[in-house]
Amino acid sequence: MDYKKAAKQICRKLGGRDNLDKVEHCSTRLRVTVKDPEKVDLRGLKNLKEVSGVVHDGAELQIILGPGTVIRIFNYLYLIEKEEIQRASGRSKSPGYWLKKGVKKMGDIFIPIIPALVAAGFLKGIVDLMGTLSQHGILNIGLDNSFYSFAGLIVNSVYAFLPILIAFSAARVFGGNPYLGAVVGMMMLNPDLQNAWSKVSDGVVTYQSVFCGLYEVPMTGYQGHVLPVIIAVWIMSVMEKKLHKTVPPMLDLFITPLASLFISGYLTFAIVGPVFLKIEDILLLVVKDILTAPWGIGGFFMGGIYSAIVVTGIHHMYTVLELGQLASYGFNYLNPVASAANIAQGGAALAMAIRMKNRRVKGIAIPSALSAFMGITEPAIFGVNLRYGTPFLAAALGGACGGWYAALRGLGASGTGVSGIFAFPLYLKDPWDYLLSLFIALAVSFALTWVLGGREENLHVTSPVQGELIPLAEVNDSTFRRGVLGPGVAIHPSKGKIVAPVDGTIEVTFETGHAVILSGRNGAEILVHVGINTINLGGRYFSCKVKKGEKVKRGELLIEFQKESIEREGYDLTTPVILVNADKYDLTLIREPGKVKMLDEVMQIE
């Protein structure tokens, strides 16, 4: 793939570099805020072969590119014309803006540390399995073996010092000094504090009075906790940025770090830590109560809605809960539910790949299904399942059934950061239950999609005008004749009216009124171009009856033109009807040349 070219195409579809206000990315999505949404060619953006789907909300767009691809295209966007894209400044705050911003920030914090979490989770699963096998005499390895000891040391290091990784990453996201952020994480793990895990068995050992004896707070560490660390680093970052602006440059190096750390540190131990520790505990308890509801009802509910949550991007919040569950309960009960939901989306996409004949659907569905099986569902969701609707609902039910079984069996992962097939090492204590939960999700979603999902999107294109049908190769224009704009047919019109050849949406109109592009229900874009070189008339004799974005029905009037006047000017009125985005579809001509009535079927697009 030519990532530089892809970045330029995406930039053009977004309205050009000057229309970009903010560009960021997560593991699979390019997140873009534009200055003028009207300049965005949304249809063209969705039709780019690199793009699996687009989620848009006014000026904010999420472009689904997939893992690996997104970071390369993101990097090239900053090199276009060797100028940086402007950062967000003063854009209007739509309803839910702060919630979406907060969720996105949470994702930005955790995405960079996912590799460490994945490695620790996998290794913990292997260590736990080795310990179990050794205790039962199946594996002849002592627990004092260096491999076993060092593997456990590595795993414990990641989880014991995780707040430092979170603090470092959070400071970068919040615009603070990441090393000062790391110090905030370190002070929350200071060995002078009572270890948070020993507090569970021993209770709080010591308290410290704060604010001149106003009240006391427990002197305990924050091992395994997430929210208090993030809030503490946010306070530190806000203070640091404000101090950088107000403290004289001569004193900035000394005063800003000192004041930022001390004030944020005091507030953390006195207010932030105790308060958000309680909030986090309540959240964990609520989620656990849902997942452990009788008869697996909670797992059914969570598995059913998980993919819908992925669509919004809020699923990044789950990392907070998963890490909290690992710290509090030793297992991650959300992961098996998420894995079932992801496998179900892959099953639905796989069913679509097998049952559909459309080569474009197959080309997207097969790799999307494989990606979903490995835990990345955006290509399957946006590229296939949501587009057809029924497969997405079938996958939601499959995820619900898989989640139900996981909850019923009390499945819990030994780590986090990965789902689907690759999460298998996290379940080495209950491997068959995990595999069965995935199989249930896959079987239900595949079967339902096979029976109910995705009708073939054969688009029947009718003649937009009455006249004489001729092969495109006989048109008196080399661009149309050689199929430069795409395959199709042409018609010598006998009347001066052009109607919609399909039900669809008007994508492009021209000021000169001589042509229009509309998209059918399957995304196929059809150009109806009245005459050869008639653009030179500057709009004389033409009257376009539709506007961009308008929905039209087959047979609805698009263009009126004065046939005799145009012919007196010496123009050829042969009207090509072209499939513009032919690289994504198969086109079949289904009518022989000759007389044709308006709305007679002339082409079929698959």
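Just so you know, these numbers come straight off a predicted model, no measurement behind them. Every heavy atom of this structure was used, including side-chain atoms; hydrogens, water molecules and symmetry mates were not.
- Checking side-chain atoms of T575 against main-chain N and O of L573 turns up a donor-acceptor pair under 3.5 Å.
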Decide side chain to side chain contact (heavy atoms under 4.5 Å, CB included) for I63 and L48; before the verdict, give the C-alpha distance in whole Å, the side-chain angles of both, and the deciding distance to 0.1 Å. CA-CA 11 Å; I63 304 169; L48 292 177; over 6 Å; no
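- Judged by distance alone, the side chain of E556 and the main-chain N or O of K553 form a donor-acceptor pair under 3.5 Å.
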Side chain to side chain contact (heavy atoms under 4.5 Å, CB included) between N536 and T512, intermediate numbers included: CA-CA 9 Å; N536 296 331; T512 51; over 6 Å; no
Working note: I354 + W450, criterion side chain to side chain contact (heavy atoms under 4.5 Å, CB included); need CA distance, chi angles, decisive distance, verdict. CA-CA 9 Å; I354 296 174; W450 184 266; 3.4 Å; yes
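- The side-chain heavy atoms of P576 and L472, taken from C-beta on, include a pair separated by under 4.5 Å.
- Listed for the S339 side chain is a donor-acceptor partner under 3.5 Å among the backbone atoms of G420.
- The structure places CG of D503 at 10.5 Å from NZ of K551, a figure rounded to the nearest 0.5 Å.
- Of all heavy-atom pairs spanning A394 and L448, the tightest one is CB-CB, 3.6 Å.
- Residues F300 and I305 form no side-chain contact, since every pair of their non-hydrogen atoms from C-beta on lies 4.5 Å or further apart.
- Taking both residues in full, the closest heavy atoms of N335 and A423 are given as OD1-CB, 4.0 Å, listed atom of the first, atom of the second, then distance.
- Inter-residue side-chain proximity for V32 and V40 is flagged as unmet; no heavy-atom pair is nearer than 4.5 Å.
- Under a 3.5 Å cut-off, the side chain of R554 and the backbone N or O of P501 do form a donor-acceptor pair.
- Between H529 and H514, the two ring planes are perpendicular [angle over 60°; tilted spans 30° to 60°].
- Between the NZ atom in K547 and the NZ atom in K545 there is a gap of 12.0 Å [rounded to 0.5 Å].
- Taking the side chain as every heavy atom from C-beta outward, V34 and L20 approach each other to under 4.5 Å.
- Residues T534 and F542 meet the side-chain proximity criterion, which asks for heavy atoms closer than 4.5 Å.
- Judged by distance alone, with hydrogens and angles left aside, the side-chain atoms of S445 form a donor-acceptor pair with the main-chain N or O of L442 at under 3.5 Å.
- When every heavy atom of I440 is checked against every heavy atom of G402, the shortest pair comes out as CG2-N, 4.0 Å.
- A donor-acceptor contact shorter than 3.5 Å is absent between the side chain of N19 and the backbone of G16.
- Pairing each heavy atom of S419 with each of Y434, the nearest pair is C-OH, 4.5 Å.
- Just one of E569, K563, E567, R568 meets the side-chain hydrogen bond (donor to acceptor under 3.5 Å, both in side chains) condition when paired with S565; it is R568.
- Atoms CD and CD1, on Q62 and I64 in that order, are 6.0 Å from each other to the nearest 0.5 Å.
- Rounding to the nearest 0.5 Å gives a distance of 8.5 Å between CG of L42 and CD of E507.
- With a 6.0 Å radius and a threshold of 12 heavy atoms from other residues, nucleotides or ligands, R43 has its CZ atom above the threshold.
- Closest non-hydrogen pair, I532 versus T574, comes out as CD1-O, 4.0 Å.
- With hydrogens and angles ignored, the 3.5 Å screen pairs a side-chain donor or acceptor of N581 with a backbone N or O of E525.
- Around CZ of F439, the count of heavy atoms belonging to other residues, nucleotides or ligands within 6.0 Å does not exceed 12.
- The only option from T588, V461, L459 that meets the side-chain contact (heavy atoms from CB on, under 4.5 Å) definition with M603 turns out to be V461.
- The two residues V444 and G398 make their nearest non-hydrogen contact at CG1-CA, 3.7 Å.
- Rounding to the nearest 0.5 angstrom, the gap separating the CZ atom in R591 from the CG atom in L589 is 12.5 Å.
- Residues K595 and E468 are paired through a salt bridge, judged by an N-O separation under 4.0 Å between the basic side chain and the carboxylate.
- Counting non-hydrogen atoms of neighbouring residues, nucleotides and ligands closer than 6.0 angstrom, the CZ atom of F510 exceeds 12 such neighbours.
- Q345 and T377 share no side-chain donor-acceptor pair at under 3.5 Å.
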F424 vs L438, test: side chain to side chain contact (heavy atoms under 4.5 Å, CB included). Steps then yes/no. CA-CA 10 Å; F424 180 75; L438 300 188; over 6 Å; no
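- No side-chain N or O of R481 forms a donor-acceptor pair with one of S478 less than 3.5 Å apart.
- Between S463 and L469, every side-chain heavy-atom pair lies at or beyond the 4.5 Å cut-off.
- Residue K497 holds its NZ atom at 11.5 Å from CD of Q466, rounded to the nearest 0.5 Å.
- Within the 4.5 Å cutoff, no side-chain heavy atoms of V465 are placed close to those of V528.
- Looking at heavy atoms from C-beta onward, L30 lies out of side-chain contact with L61 at the 4.5 angstrom threshold.
- Within a 6.0 Å sphere centred on CG of N476, heavy atoms belonging to other residues, nucleotides or ligands number 12 at most.
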